Structures are given as structure tokens and as C-alpha cells.
There are 4 protein chains.
Amino acid sequence: MTGSTPGRHGTPRLRADAARNRAQILAAARIAFRESGTAVPLDEIARRAGVNIATLYRRFPDRDALITQVLLDGFTLVLDTARTAAKQAQTDPLTAVETFLQGLIDNRDLLSLPLIGGPMTNDPQAHELQREIASALEEILTEGRARQALRPDVTAVDLITTAALICRPLPHLPPQQATALATRHLGVFLDGLRPEHTRTLPPPPTHEEMAAHLVLENGSADTSTQP
Amino acid sequence: MTGSTPGRHGTPRLRADAARNRAQILAAARIAFRESGTAVPLDEIARRAGVNIATLYRRFPDRDALITQVLLDGFTLVLDTARTAAKQAQTDPLTAVETFLQGLIDNRDLLSLPLIGGPMTNDPQAHELQREIASALEEILTEGRARQALRPDVTAVDLITTAALICRPLPHLPPQQATALATRHLGVFLDGLRPEHTRTLPPPPTHEEMAAHLVLENGSADTSTQP
Amino acid sequence: MTGSTPGRHGTPRLRADAARNRAQILAAARIAFRESGTAVPLDEIARRAGVNIATLYRRFPDRDALITQVLLDGFTLVLDTARTAAKQAQTDPLTAVETFLQGLIDNRDLLSLPLIGGPMTNDPQAHELQREIASALEEILTEGRARQALRPDVTAVDLITTAALICRPLPHLPPQQATALATRHLGVFLDGLRPEHTRTLPPPPTHEEMAAHLVLENGSADTSTQP
Amino acid sequence: MTGSTPGRHGTPRLRADAARNRAQILAAARIAFRESGTAVPLDEIARRAGVNIATLYRRFPDRDALITQVLLDGFTLVLDTARTAAKQAQTDPLTAVETFLQGLIDNRDLLSLPLIGGPMTNDPQAHELQREIASALEEILTEGRARQALRPDVTAVDLITTAALICRPLPHLPPQQATALATRHLGVFLDGLRPEHTRTLPPPPTHEEMAAHLVLENGSADTSTQP
DNA sequence: TATGAATGAGCGTTCATTCAT
DNA sequence: TATGAATGAACGCTCATTCAT
């Protein structure tokens, strides 16, 4: 995750203890955002991270900065997952989709924001990551259509939407069971991706409609507080 | 909706204006909970409803009472939808499932809490409604299995899970487009419900596991703040 | 003072207790601003006024609103003083100036902001009051020049500047002694206003220069914290 | 200014860079105190001085130490100005007063604290400087009374009071115009110092009253935040 | 009954000050 | 020595909740 990688060009390397604190803050934020939404008191994140609230503010000047970094880390993980999956596209496109979506389910805990909806960000890094994710998914779909291994009407946006839906927490369920339910749902969805017996899907939103809301780039981001 | 129906046994009939206020509060709460989570300031709900905050408190002694009522109204709507769908089960079980899930998508705005995750409630009315919903869905599934119109491994819990997933808001998207994407996802899912070409699903959580967490009764309820 | 006058057109009359609280808050603010500057903690103002901080916020949504009201009350008092003085202009213009300036010294405690510098305000009421103050002073000066009772090179701006200077607190001095020193200074200044033995004063800033900074209207307002 | 002179008896000579830092801190403090009051965040002073906050703390163990040094530098400047003026007393006492007061106006920017009100200090150096300032002014006044060039009822305290009044910033005015207005005010005041046509001034506070509050020594110092 | 008003408690954020490098 | 980092405490402001009208 780029977020915890110090020494990035232009930002001076963090001192060892500071870097540790920073990583702990991000880990705590990830959990807290997922459990209690992005409006969770920052005090609580600091407490979970074992640092003072002012230390959190030193690293992340405001809530948005913290959210954005969690978001970027999440997008990076999504991209890695998509690229890993894309390597399977030549062999078996449907399995590649499965690898992608199941990979995300397996990392649900790390994906609070990019998929279940963080605030929109205008961070250029985030946009770039979103573009690359979409590109990797298109690669899989193109191959799947060419081999008639996937129904042709499914788009990258549909996969991102699906990712957003199945990664959201099912509160009040222990993680293991929530994952089991999401995996079962995914199983049915994957069977529906076969090219046979396909019903006609309603037309997707046009690219213009989506672009206006950054959907392609930011599947399901949202500003609000959520679980 | 039972929530706004006065004269229920044991509660004195409300004066006309009081009943109107109560209904306006519930409508405002539904919208506000969906947009800003159940932690939204009660002031805001009162303002949107056009009443004083103290009036809201008179009707609903605390936040939980308000949430519970919104929840009950939502469960009632889900049950109505499930019963309507069940009538089609004799003719076409797969279409019945579609009717149920598409019906919920079409009423997403009214379903903030029961499906996208409101707080758990121990209200006995809620439990009864949840039981009846599950029962109506079982009716559809039983018929579907008997006619081999549905894959046999899908359960009522799976349908409730699916309902919970597809009804959640996709923030940052205008309602129309969010609905379009959810509907496309549902289309693929429904194709995956056919009995042919079914992959093996992982075993569902046992009834005991679920019961401990009220999942069957309360698909995806949660305590926290959410959109 | 307009600030404490309820029932103004458009704002509903305050309840009796609320009006009392409001007046106490304004009185406390006047004192605290004078003693500790406009950056004084609002908690302290609330405490001095004997109300809860939230009550203060209910009446004055932010610090600026409170400052502005104190400012308006002060300008109103300055205007009253100027008008009273102007009535003497026909008889004795120099005494009229003395009445004006001594009157302000005697009310120093009520004049923290308009003269010793509150933040600039764009409040139209304030502008109107400032205009009327300048006008009353011009009336005195015109009469004084006509009768050769005042040196002709002194302007309304000079009188406002003088007012600003002599009304500022001399911290660390008990009020009585500070007033005595200011009064002595004023005595010398008034002798300097006689038409005889006048040295040449440097040219005043042009009206354009002043207008750009609202000096004519707002003699010595300032944004910052001050004693 | 003594403040920036290293090598004073008892304090070890500072390394060159340390001395430069110290001077920069003092310069930044002078400006910041004037603009934003003595309560201005020390961070900001450090930033303006281009040093780390911890460096500031190494030089000045607390805010008071910094304030006191700025105060001492200011008193030194006032004393220099008074002594320069006193040399003219033999020739022209009224001009000597003018030289003193106009000299202070011209250095307003360097005089934030001693005249416009810094916190009281018990620093013995400050007391000594204040005593010497009063002494130089007395010299002028004595000469002026002897030659009947000045009204006899004006005291050194009056001159210090006047200095305090005319050196205060007139916020919201650009420096040039504020200086112009202060100079015009001074012009009238100086004309009022002539021995003719003098009205009776109220009695000055007794020396005892003043001594209790260090007025003679510290014309208008105050503890609070101010512009 | 409905409302304006008041309050206490909580969270966001900043700052003075100290510590580790 | 100078600095990055960490901390505790203060203050601004909002909100849930209760009281008086």
C-alpha cells in the first residue's frame, strides 16, 4: 500500500516511530470507517491506534486527508487484485472474474472505502488508479467476449458495481458468516455471467451520465456516514 | 404502513393534526436516515418534517423509537412485496423471485432501514414480520424446486441477502442510474438462479449461527450510522 | 440601544427571560471585548453573563454576530452623543466638541468596539449609523468655522480619530485614573482646537483613500484581538 | 537594541547562527505582537522567523520571556528618542516635545509593546529604563516651564499617556494613513501645549495612585491580547 | 398540544510545551 | 544545537434532551 510507504519522492522519509504511528492510524481508520462510517469520531480512531488525537492531526490535517489515504490504499489493493485476475484472462475469463471478485471478498476488511463508498475524491492518484482498474477489467471482458466465455452485455461498470455490493459489510453478522453469504451470492452471479440463457439487461447508464458522477472511476464512493 | 395508522388497539387515536405531524416525521426520517445514516441529527428530521424538535420527542421518546417505527414500516412493505410475488409462484417461480427483488429495488427509497442495515430491534412485531417474510419466500422456493425452475441450493436467506445488497444506495449516483445498475446486477443474478450450469455454492451458515445474530429475521440490520 | 430592543419588525419578540439573557450576554461581551479583545473565549462571556455557552450560540450564531451587535449598540451611543453635542453648536461650537468627546470618555466602558476597533462590518445599519455620526460632526465643524470658534483645518475624521484614541483602554490602570488621564489629554487637545496659534497640519488622507478603508464610516475598527 | 546584543555580562556569547536566529525571532515577534496581539500562536512567530518552534523555546523559555525582551527593546528605543529630544530642550522645549512624540510615531512599528500595551513586567531593567525615560521628559518640561514655552500643568505622565495613545495602531488603515491621522492629532495637541489660552485640566492621579499601577513606569502596558 | 428556550456533554481542532533524534 | 514528533489541555461549536410557556 502506497499509504504506508515512506520515502516517496518529495515527502521526506518519516522517522521510524512516526511511520509506525502512521500505519497504526491507517489500520485503525480502516476498521473504524468500516464499522461505524466515515463520520466516526477521530478520537476513537486515535484511541484504537494507541496515539494521541493530536498525533493523528499531525499526520492527517483533516478528516478528508485520512479518508483519502485509506481510499488510495484500497484502490491500490483493488488494482492489484484486478491485475492478478487479468493474467488468467487468456486461460479462463470466467475464472478471472471469479478471482477478481472473490479476491475482493477475501479482503473485505481492507476495502472499506473504495468499494462501500467513501467520499468522492478529486485526488489525481485516485483517478489514475480507477482508470487502471477499469482498464484491467476491460481486458478480461474483451477476452471473455472473444472466446464466448462470458455474456457479452456485461461491462466493467457492472463488475465494479458488483464488487461494491458484495464487499459492503453485513452488519450484525460475524465476519465469517457475512463472507459466506457474500460468496454464495457471488456464486449465483457468476453462473449468471455464462453466455447461455441470458435475459436482456436494461441499458447501462451512458458514459456521459456516468462520467458526470465519476462512477466509472469511483464505482460507489459516497460522502456520507455509513456502516 | 402500520406506523402511520392511528387507532391501533391500546394506543388512543391521535388528533388529526397530530397524526399528520407523526406521518411527516416518519417520512422525513426515512429520507434522512437513507441520506445521512441513522445518526443524523434529530433537529434535521424535525426541520424537514416542518415540526419543532420537541414535537418529535413527544411522538418518539428517543431515537430508537423512531428508528424502530421506520423499520416496521419497511418490513411491512417487504412483506407485502413478498406476498404479491408468492402469488406468482404457482405460475412461474423465477418470475416470482424477480417480482420480489425488482419490487424492492423500485421501492428502494422506502426501504432504508430494514434492508440496508438499521439497528437490530427486539420489537416483537418486527420479529413476526421477518418470520412471515421468510415464510413467503420459502413458498416461492419450494415451488421453484418442485418445478425445477430454480436451482435447488438457493435459500430464503440468500434472497434476503440479495435484497439487502441490491437495495443499498450507491451514493454519488443519481437515483435513476443507481437503480439501473442495481437492476442490471439483478438481471445477471436471476440468470444465475436457473437450474442449469450451476456451480456448487459454499454451504450456508447453519441456522444456529444465523439465529444467534438474527440474520434470518433481520437480513442486514446494523447499529451504526450509515447512508 | 437597538441591540436590546426586542420586537423589531421582522424578528419575533423574544420571551422575557430570553430577552434578559440576551442583554446580559451583550453586557458581558462588551466588558470582555474591552478587557481581553474580541478573541476572548466565548465561554468566558457566557460565564460572565450567567448563561450556558449554548444559549449564547442560540442568540448569536457565531462570534461575528455578537461582535456586530456590540458594534451597533456602540455606534448608536456615539450617534446619540454627537447629536446631543450638535445642539450646542449654534451656541458654542468648541464646547460642542468638548461635549461630544467628553461624553464618549464618560461612556468608555460601553464603547469598546466602535472606537477602539472591532472588526470591520458590512452591516448596512452600521454604515448608516457611521454616516449619520459624520454628518452630525460636520454640522458642528461648519458652525465652528463660520464663527471662527474652531481652527478651520480640523475635519470630522480628525474628531473620530481623536475619539478612537482617547476611548481606548489604558490597561493596568483602574478606570477612574485612566479616565482622568484621558480627560487631561482631551483638555490639551481642545485648547489646540482654538483658531489662534495653529500650526499647519499635514494634509489629511483623501476621501478616496479613506473610503477604501471605511475610515470615515468606521473610524478605527479592527479585526484583531485587542485590549 | 540590547535584546539582540550578545555577549552581555553573565550570558555567554551566542554562536553566530544562534544569534541570528534570536534576532529573527525577536523581529518576527515584534511584528506578530503588533498585528495579532501578544496571544498570537508561538508557532506563527517561529514560522515567520524561519526557525523551528523548539528553537524558539530554547532561546525564550516561555512566552513571557519573549514578551519581556520585546518590551525592553521598545523601552530602549523610547529612551533614545527622549534623550535625543531632551538635547533640544535648551533651544526650544515645544519642538523638543514634538521631536519626542513625532519620533515615536515614526517608529510605531517598533513600539508595539511598551506603548500600546504589553503585559506588565517586573523586570528590573524595564523599571530602570522607565525611570530614565520619565527623567528625560521631566528635563524637557522643566525647561519649558522655565521659559514659559509650555503650559505648566502638563506632566511627564501626560506625555507618556499621549505617546501611548498616538502610537497605537489604527487598525484597518494602511500604515501611511494611520500615521498621517496620528500626526494631525499630534499637531493639534502640540498647539494645545502652548501656554496661552489654557483651560484648567483636572488634577492628575497622585503619584501614589500611579505607583500602585506602575503607570509612570509603564505608561499603558497590559496583559491582554491586542492588535 | 406544540413550541421557544435552556442546558450539559461531546467531538473537532489548535496550541503550548516537552521529548527523542 | 536544531528539529521532527508527541502530547494534554483548551476552546469552538453542535446536538440530544429537558424545561417553561
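On a predicted model such as this, the values are computed, not experimentally measured, just so you know.
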Using a heavy-atom distance cut-off of less than 4.0 Å, which residues of residues 48-61 of chain D contact DNA chain F? D:Asn52, D:Ala54, D:Thr55, D:Arg58, D:Arg59
Range-with-range stems for DNA chain F, at least three Watson-Crick or G-U pairs under 3.5 Å: E:2-21 with F:2-21
Check: B:Leu42 main-chain N/O paired with B:Arg47 side-chain donor or acceptor under 3.5 Å: no
How would you label the contact of C:Asp62 with the nucleic acid (heavy atoms, under 4.0 Å): base, sugar-phosphate, or nothing? nothing
Would A:Asn21 and A:Leu56 satisfy side-chain contact (heavy atoms from CB on, under 4.5 Å), going step by step from the backbone distance to the final call? CA-CA 8 Å; A:Asn21 281 344; A:Leu56 185 154; over 6 Å; no
With side-chain contact (heavy atoms from CB on, under 4.5 Å) as the test, would you mind laying out the steps for B:Leu110 and B:Asp73 before giving the verdict? CA-CA 9 Å; B:Leu110 302 175; B:Asp73 289 354; over 6 Å; no
What distance separates C:Thr68 OG1 from C:Asp123 CG, expressed to the nearest 0.5 Å? 6.0 Å
Residues that C:Ala65 engages under side-chain contact (heavy atoms from CB on, under 4.5 Å), provided they are two or more places apart: C:Phe60, C:Pro61, C:Asp62
DNA chain F: 5'-proximal contact among C:Pro41 and B:Glu44 (nearest heavy atom): C:Pro41
With sequence neighbours left out, what residues match A:Ala27 under side-chain contact (heavy atoms from CB on, under 4.5 Å)? A:Arg30
Under the side chain to side chain donor-acceptor pair (under 3.5 Å) definition, can you give me all pairs with a residue in residues 52-61 of chain B, not counting sequence neighbours? none
In whole angstrom, give the distance that lies between atom CZ of A:Arg47 and atom P of F:dT7. 15 Å
Quick one: on DNA chain E, does C:Asp17 or B:Asp17 contact a more 5' nucleotide (nearest heavy atom)? B:Asp17
Worked verdict on A:Ile31 versus A:Asp109 for side-chain contact (heavy atoms from CB on, under 4.5 Å): CA-CA 7 Å; A:Ile31 296 171; A:Asp109 291 348; over 6 Å; no
Heavy atoms of chain B, cut-off under 4.0 Å: which first and last nucleotide of DNA chain E, 5' to 3', fall inside that, if you could look? E:dT1 to E:dG4
Name the residue closer to the 5' end of DNA chain F, choosing between B:Arg63 and C:Arg63 according to the nucleotide with the nearest heavy atom. C:Arg63
Residue set satisfying side-chain contact (heavy atoms from CB on, under 4.5 Å) with C:Asp43, at least two apart, ordered chain then number -> C:Ile53
What residues, two or more places apart in sequence or in another chain, satisfy side-chain hydrogen bond (donor to acceptor under 3.5 Å, both in side chains) together with A:Arg48? A:Glu35, A:Glu44
B:Arg20: side-chain contact (heavy atoms from CB on, under 4.5 Å) partners, not counting sequence neighbours: B:Asp17, B:Gln24
